[in-house]
Every structure is written in structure tokens, then in C-alpha cells.
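Notes follow once the structure below has been shown.
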Amino acid sequence: MPERKPVTLHRLQDMHKSGEKIAMLTCYDAAFASVLDEAGVDILLVGDSLGTVLQAEATTTPVRLDAMEYHTRCVARGNQTAWLLGDLPFGSYHASPEQAWHSSLALMQAGAHMVKLECGAWTAPTVRFLTERGVPVCAHLGFTPQTVSALGGYKVQGRGEAAAQVKAQAQAMVEAGAQMLLFEMIPADLGREITAWSPVPVIGIGAGVGCSGQVLVLHDMLDITPGRRPRFVKNFMQGASSVQDAVRRYVAEVKAGTFPDESLHAF
């Protein structure tokens with residue numbers, strides 16, 4: 001197999017334009033970073049999901065910036081070619097664009113190539129502030145786990161008349177300079193519609209197969225997360241010979257457009 005060149009933002013943009021699917025998984029340490037990178041995962045997301053996955057918190061809200069910085073540094077050391085995306089945790093970008101800049105600086109100095117923040121109408125000035133200063137931004141829209149209490153629980157966003165609001169938020173984020181969008185738990189038709197007009201890659205998790213790419217929590221797709229799995233998760237360890245094999249199967253199914261199966265994994 002030829003050696004993979006480093007995945008760049010331009011490469012991801014080209015994949016979006018050409019229709020080549022993008023495979024993303026969460027990652028929290030150097031060992032898994034190496035496994036995922038070698039298996040061909042395009043983007044490693046150091047997600048604040050580490051709060052529930054690694055720290056046994058009930059939500060992602062308690063996760064601190066220093067924890068995100070630590071795990072980003074670990075993943076960066078194990079990664080060779082994948083694009084590295086770091087989550088800004090709750091409270092690390094809400095006070096001001098300047099606060100968001102200092103938080104982003106911490107993650108990028110730890111090795112992140114891009115930062116992700118959960119967005120709403122109020123975040124457009126923050127996204128613009130960051131991108132104007134050379135920080136690539138992924139805007140997380142739809143269901144936003146950091147504000148699960150305000151949303152009234154784990155509910156699909158963007159149904160019916162609410163679709164117009166989601167589309168307006170996506171447009172605002174792109175106009176503010178976001179170079180990637182991530183949609184969680186929105187109807188598959190809405191995910192497909194937004195991806196069709198978006199000039200930047202659109203990653204989905206519970207947003208249908210029509211997105212530019214897919215992301216799952218690593219521990220969910222390896223079936224080692226306790227409790228009930230979300231509807232959009234598939235157990236890739238079933239029938240796999242190893243963790244490496246499971247990850248390769250995930251990448252292959254995302255690239256082929258066979259995952260997610262909208263009859264099973266979409267809304």
C-alpha cells in the first residue's frame with residue numbers, strides 16, 4: 001500500500017467537492033491515534049466526549065480545557081497523517097471571542113489543526129474572530145451535547161419548521177468563515193440538502209448518508225461503551241477479527257456510502 005500523504009484542509013475540501021466521503025472518528029490517546037491513522041481515518045476528533053467515555057461524567061459539560069489540551073497532545077504524538085480536530089469544551093469560548101482565541105491557541109499548540117465549537121446564532125462573531133486570525137473552525141450544529149439540558153434532552157433537531165433555523169445557522173457559520181460543518185441528530189433529508197449547497201465539508205453523526213462524511217465515537221463503534229447505543233451507531237466489532245479490522249471496515253463503509261444505512265441509523 002502506498003504511503004499516505006498528510007490530510008490537509010485543502011484535501012478535505014477537494015473530497016467534499018468531488019463527492020469522496022470523509023471518515024472521522026473520535027480519538028483520545030496516542031495508541032489509538034496510530035491505529036486509526038494507519039487504517040485510513042481522515043480526521044481524528046479529540047472530542048469532549050472524553051468526559052462521558054473516559055471520565056464517567058453524565059454529560060460533556062464538566063470537561064475542562066486542560067483535559068482537552070492533554071488528550072490533544074497525546075493524539076498528536078501518535079498521529080502521522082490524519083487531520084486533527086480538537087473540541088473546545090463548555091465554558092472555554094462562551095465569555096468572549098478573545099477567550100475563544102486563547103482556548104484555541106492552547107489546543108493548536110498541543111497539536112490540533114482545527115478547533116470545533118458548538119454553535120448557535122451568537123457564535124458567528126466568535127467564528128469570524130478566530131478564522132480571521134488563522135484558526136480553522138468546524139461549527140457543530142443540530143444537537144449540541146454541551147447544552148443538552150437547555151435542549152430538553154437528547155432530541156432530534158431541525159424537524160419541520162425548525163429546519164429553516166438550522167439552515168440559517170449553517171449559512172451564518174459559513175459566512176463567518178467556518179471551514180467545516182458538523183451536524184448531529186438532524187433529519188437525513190436536511191443533512192443532504194445542506195451538504196448539496198455547502199461550500200465546505202459537512203460531517204454527519206445521525207444526519208444521514210448524504211453528508212460529505214461521517215463521525216462516530218470510537219468506543220461506540222467498537223461496542224465498548226456501557227449502556228444503550230444511540231440509533232446512529234453501528235457495532236463494527238461484530239464480525240471483525242481485531243480493532244484494526246473494525247476501524248478499516250468503518251472507513252470502507254463510509255467511503256462506499258453504505259454507512260450509515262438510513263433505514264437503521266438515521267432520523
Side-chain angles (χ1 to χ4, degrees), residues 24-29 43-76 84-155 157 165-166 169-170 172-173 176-186 203 205-206 215 217-220 225 230:
M24 182 194 299
L25 284 172
T26 65
C27 188
Y28 315 106
D29 61 48
I43 305 175
L44 306 185
L45 168 61
V46 186
D48 63 357
S49 50
L50 66 86
T52 54
V53 172
L54 302 184
Q55 298 175 339
E57 299 284 2
T59 71
T60 62
T61 304
V63 176
R64 295 169 56 90
L65 180 62
D66 57 359
M68 295 305 307
E69 183 179 358
Y70 169 79
H71 286 279
T72 298
R73 197 175 302 279
C74 291
V75 171
L84 182 49
L85 176 58
D87 251 343
L88 292 178
F90 187 72
S92 70
Y93 57 94
H94 298 69
S96 67
E98 288 80 9
Q99 183 199 28
W101 158 252
H102 287 293
S103 299
S104 299
L105 179 63
L107 294 190
M108 295 193 73
Q109 288 183 335
H113 301 131
M114 171 182 263
V115 300
K116 179 170 75 66
L117 58 153
E118 296 186 4
C119 292
W122 67 275
T123 53
T126 297
V127 171
R128 184 174 292 108
F129 189 91
L130 293 176
T131 56
E132 287 178 348
R133 286 157 179 77
V135 178
V137 171
C138 173
H140 185 150
L141 297 162
F143 175 74
T144 47
Q146 292 176 3
T147 53
V148 60
S149 297
L151 294 173
Y154 294 85
K155 297 180 178 180
Q157 305 295 306
Q165 180 182 3
V166 173
Q169 289 177 345
M173 293 305 105
Q179 290 106 326
M180 187 179 294
L181 304 175
L182 188 151
F183 283 93
E184 183 168 356
M185 289 176 61
I186 64 171
I203 307 299
I205 177 167
V215 62
V217 171
L218 177 65
H219 293 58
D220 287 351
T225 302

Beyond-backbone contact of F183 with V166, side-chain heavy atoms, under 4.5 angstrom: yes
H219 vs S49 side-chain heavy atoms within contact, under 4.5 Å: no
Considering all heavy atoms, the nearest Q99-G91 contact: NE2-O, 2.7 Å
Min side-chain heavy-atom separation L105-V135 under 4.5 Å: no
T123 OG1 to Q169 CD distance, which is reported to the nearest 0.5 Å: 7.5 Å
Evaluation steps, side chain to side chain contact (heavy atoms under 4.5 Å, CB included), between M68 and L88: CA-CA 8 Å; M68 295 305 307; L88 292 178; over 6 Å; no
Side chain to side chain contact (heavy atoms under 4.5 Å, CB included) between V63 and E57, intermediate numbers included: CA-CA 9 Å; V63 176; E57 299 284 2; 5.7 Å; no
Heavy-atom donor-acceptor pair, T144 side chain to L141 backbone, under 3.5 Å: no
Contact summary for G86 and A112, nearest pair of heavy atoms: N-CB, 4.1 Å
T59 side chain vs P145 backbone, donor-acceptor pair below 3.5 Å: no
Rounded distance [0.5 Å steps], CE in M108 versus CG in L84: 9.5 Å
Derivation of the side chain to side chain contact (heavy atoms under 4.5 Å, CB included) call for T126 and W101: CA-CA 9 Å; T126 297; W101 158 252; over 6 Å; no
Contact summary for P230 and D220, nearest pair of heavy atoms: CD-OD2, 4.3 Å
Heavy-atom closest pair, residues A178 and A139: CB-CB, 4.2 Å
OG1-CG distance between T26 and L85, expressed to the nearest 0.5 angstrom: 11.0 Å
CD (Q165) with more than 12 external heavy atoms under 6.0 Å: no
Side chain proximity check, P89 to R64, heavy atoms < 4.5 angstrom: no
Separation between CG of D48 and OG of S92, rounded to the nearest 0.5 Å: 9.0 Å
Euclidean distance, L117 CG relative to Q146 CD, rounded to 0.5 Å: 8.5 Å
Whether H71 and Y28 hold their rings parallel, tilted or perpendicular, with breakpoints at 30° and 60°: perpendicular
Smallest separation among heavy atoms of C27 and L44, with atom names: CB-CB, 4.3 Å
By side chain to side chain contact (heavy atoms under 4.5 Å, CB included) - contacts of A110 (at least two apart): E69, T72, R73
I186 versus G142, closest heavy-atom pair with distance: CG2-CA, 3.8 Å
Pairwise distance CE(M114) to CD(Q179) - rounded to 0.5 angstrom: 5.0 Å
Side chain to side chain contact (heavy atoms under 4.5 Å, CB included) between E118 and F90, intermediate numbers included: CA-CA 9 Å; E118 296 186 4; F90 187 72; over 6 Å; no
Check: E184 side chain, L182 main-chain N or O, donor-acceptor pair, under 3.5 Å: no
Main-chain N/O of T60 paired with T52 side-chain donor or acceptor, under 3.5 Å: no
